[in-house]
Amino acid sequence: MKLSEKVYRIVAKIPKGKVTTYGSIARYLKTKAYRAVGQIMKHNPYAPKVPCHRVIKSDGTISGFSGSDPKNIKKKIALLRKEGVIVKNGKIPKEFIVDVNEFI
DNA sequence: CGCTTGACACCGT
DNA sequence: AACGGTGCCAAGC
């Protein structure tokens, strides 16, 4: 079982209206491959099943899946808001960031 | 088999 | 508070 499979499984379980961080996922898998998690999200072969937009940085900022395109970021934010996540100044309040162990 | 890359996290300045 | 440098790990070539 590759790390990617585990990551996909976890991300797919993120409930609506909540988000988690790369760090949380990595810790849950008992690995320190934070960066690998990011790579896996980027590849994202399970596109609809794996809502990568619900995975953010530990700071609460949205990561570069919209990266160089600020307008795309707004779209992601709108999507998150529609799911019930409040976004402030392009960042998500800690209240919405749930550790993987909380919803697994 | 070894080198390079990365959608991160942490710490110091 | 913001920016940059460093360290970690997996995947791809």
Side-chain angles (χ1 to χ4, degrees):
Chain A
M1 174 75 78
K2 292 195 176 184
L3 178 68
S4 48
E5 293 296 322
K6 302 179 190 174
V7 173
Y8 294 135
R9 196 175 307 172
I10 293 172
V11 175
K13 287 179 181 165
I14 301 175
K16 280 174 57 178
K18 306 279 184 185
V19 294
T20 192
T21 67
Y22 297 95
S24 293
I25 295 172
R27 278 184 321 222
Y28 178 78
L29 297 176
K30 294 174 185 58
T31 177
K32 300 159 200 92
Y34 316 108
R35 315 193 80 194
V37 176
Q39 287 292 279
I40 294 162
M41 288 296 110
K42 176 183 173 184
H43 299 160
N44 194 20
Y46 297 75
K49 292 175 183 283
V50 180
C52 34
H53 55 271
R54 289 187 195 150
V55 185
I56 60 178
K57 297 184 71 167
S58 57
D59 300 62
T61 60
I62 298 182
S63 316
F65 46 75
S66 11
S68 44
D69 203 335
K71 293 182 185 292
N72 260 327
I73 296 179
K74 292 196 67 168
K75 286 205 61 152
K76 304 293 187 198
I77 291 175
L79 179 59
L80 288 172
R81 282 175 47 81
K82 206 173 63 172
E83 298 194 347
V85 179
I86 305 299
V87 181
K88 276 186 170 291
N89 301 338
K91 295 177 186 170
I92 297 174
K94 281 189 174 181
E95 296 80 64
F96 286 94
I97 304 176
V98 184
D99 237 58
V100 175
N101 307 286
E102 301 297 318
F103 62 78
I104 213 66

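Note that this is a predicted model, so its numbers are computed, not measured. Sequence lines set the chain letters: A, B, ... in the order given, protein chains first and strands last, and positions in each chain run from 1.
- Across every non-hydrogen atom of A/Ile86 and A/Pro93, the tightest pair is O-CD, 3.1 Å.
- When atom types are taken as modelled, the side chain of A/Arg54 and the backbone of A/Ile14 share a donor-acceptor pair closer than 3.5 angstrom.
- Taking 4.5 Å as the limit, every side-chain heavy atom of A/Tyr34 sits out of range of all side-chain heavy atoms of A/Ile25.
- Nearest heavy-atom pair, A/Leu3 versus A/Ala36, reported as atom, atom and distance to 0.1 Å: CD2-CB, 4.0 Å.
- The stretch residues 1-16 of chain A comes close to DNA chain C through A/Lys2, A/Leu3, A/Ser4, each having a heavy atom under 4.0 Å from the strand.
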Under 3.5 Å, N/O pairs linking protein and nucleotides 5-9 of chain B:
from: B/dG6; atom 1: O4'; to: A/Gln39; atom 2: NE2; distance (Å): 3.1
from: B/dG6; atom 1: N7; to: A/Arg35; atom 2: NH1; distance (Å): 3.3
from: B/dG6; atom 1: O6; to: A/Arg35; atom 2: NH1; distance (Å): 3.4
from: B/dA7; atom 1: O4'; to: A/Gly64; atom 2: N; distance (Å): 3.4
from: B/dA7; atom 1: N7; to: A/Lys42; atom 2: N; distance (Å): 3.3
from: B/dA7; atom 1: N6; to: A/Met41; atom 2: O; distance (Å): 2.8
from: B/dA7; atom 1: N3; to: A/Tyr22; atom 2: OH; distance (Å): 3.2
from: B/dC8; atom 1: N3; to: A/Arg35; atom 2: NE; distance (Å): 3.1
from: B/dC8; atom 1: N4; to: A/Arg35; atom 2: NE; distance (Å): 3.2
from: B/dC8; atom 1: N4; to: A/Arg35; atom 2: NH2; distance (Å): 2.7
from: B/dA9; atom 1: OP1; to: A/Gly23; atom 2: N; distance (Å): 3.1
from: B/dA9; atom 1: OP1; to: A/Ser58; atom 2: N; distance (Å): 3.3
from: B/dA9; atom 1: OP2; to: A/Ser58; atom 2: N; distance (Å): 3.0

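- Hydrophobic clustering, with ILVMFWY side chains joined whenever heavy atoms are under 4.5 angstrom apart, groups A/Met41 together with A/Phe103.
- Side chain of A/Tyr22 to main chain of A/Ser63: no donor-acceptor pair is present (N/O by atom type, distance under 3.5 Å, no hydrogens or angles).
- A/Thr20 places a side-chain N or O within donor-acceptor distance of the main-chain N or O of A/Val98, the cut-off being under 3.5 Å.
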